Participant: 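Right, I'll just put the structure down here and ask away after.
In this text the structure is predicted, and so the values were computed from the model without any measurement. Numbering of ligands and ligand atoms starts at 1, following listing order.
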Amino acid sequence: MEQVVTKRRVLGQIMICNGCCCGRTEKGRPGIPLDRLKSRWKEEKLLKSIQLTVTGCLGPCDIANVVSIQTPDGPAWFGGIKEESLYDELLEWAIASRDQDKLLELPANLLPYRFERFQ
Ligand code: FES
């Protein structure tokens, strides 16, 4: 079988959960600045470098809000994100990574929210 190859390779991919719990302010969950993120991602033409995917439930609703970041090193999961500013830090990280054409260290302020997803 021929090897499957995509022309749409990226440095990394950010999956922001916006499911039944994450971002559901009406349920008392923290908000997500989705409109701002989407418009800035478009303005900066970031999709060719860092894919932004807004998803349905990623699973660990008990620690909403959840973000998963996919890199060549594997996935990194973050939960319990309350501050909208952390999403802006991810935006800045994506811009800086794009500008340097390599994935930079993730924002330090995000690291305390990292958790293990798999058993
Ligand atoms: S809604 Fe985000 S983990 Fe379920």
Participant: Do Thr53 side-chain atoms and Thr55 backbone N/O form a donor-acceptor pair below 3.5 Å?
Facilitator: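 Here the side-chain-to-backbone pair does not exist.
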Participant: Ignoring hydrogens and angles, tell me if any N or O in the side chain of Thr25 forms a donor-acceptor pair with the backbone of Gly28 under 3.5 Å.
Facilitator: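 Checked: no pair found.
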Participant: Once you round to the nearest 0.5 Å, how far does CD1 of Ile81 lie from CZ of Arg29?
Facilitator: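 It comes to 13.5 Å.
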Participant: Going by the order shown, which atoms of ligand 1 are within less than 4.0 Å of some heavy atom of Leu58?
Facilitator: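 Matching atoms, with element in brackets: 3 (S).
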Participant: Of all the atoms in ligand 1, which lie at a distance below 4.0 Å from a heavy atom belonging to Cys21?
Facilitator: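 Within the 4.0 Å cut-off of Cys21, ligand 1 contributes 1 (S).
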Participant: Could you check whether any side-chain N or O of Trp93 sits under 3.5 Å from a backbone N or O of Leu104, counting only pairs where one atom can act as donor and the other as acceptor?
Facilitator: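 Confirmed, Trp93 side chain pairs with Leu104 backbone.
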Participant: Identify, by atom number and element, the atoms of ligand 1 in contact range of Gly59, meaning under 4.0 Å from any of its heavy atoms.
Facilitator: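 Once the distances to Gly59 are compared, the set is 3 (S), 4 (Fe).
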Participant: State the atoms of ligand 1, each with its element, that fall below the 4.0 Å cut-off from a heavy-atom position in Cys17.
Facilitator: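 Under 4.0 Å from Cys17, ligand 1 has these atoms: 1 (S), 2 (Fe), 3 (S).
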Participant: Look only at the side chain of Asn65 and the backbone of Pro30, and say whether a donor-acceptor pair between them is shorter than 3.5 Å.
Facilitator: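 Looks like yes, one N/O pair under 3.5 Å.
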Participant: Just jot down the ligand 1 atoms closer than 4.0 angstrom to any heavy atom of Pro60, in number order.
Facilitator: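 This gives 3 (S) as the contact atoms.
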Participant: Quick one: the SG of Cys57, atom 4 (Fe) of ligand 1, SG of Cys61 angle, rounded to 10°, please.
Facilitator: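 Rounded to 10°, it measures 90°.
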Participant: What are the atoms of ligand 1, with element, lying closer than 4.0 Å to any heavy atom of Cys22?
Facilitator: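 Answer, ordered by atom number: 1 (S), 2 (Fe), 3 (S).
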Participant: Regarding Cys20, does it place an N, O or S atom less than 2.8 Å from atom 2 (Fe) of ligand 1?
Facilitator: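 No.
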Participant: Measure the distances from the heavy atoms of Ala64 to every atom of ligand 1 and state whether one is below 4.0 angstrom.
Facilitator: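 Ala64: no contact with ligand 1 (<4.0 Å).
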Participant: Does Arg36 pair with Asp88 as a salt bridge, N-O distance under 4.0 Å?
Facilitator: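 Result for this pair is yes, salt bridge flagged.
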Participant: Do side-chain atoms of Arg117 reach the backbone of Ser68 as a donor and acceptor pair under 3.5 angstrom?
Facilitator: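 The answer is no, because no donor-acceptor pair under 3.5 Å joins these two groups.
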Participant: What atoms of ligand 1 come within less than 4.0 Å of a heavy atom belonging to Gly19?
Facilitator: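 Contacts of ligand 1 toward Gly19, numbered from 1: 1 (S).
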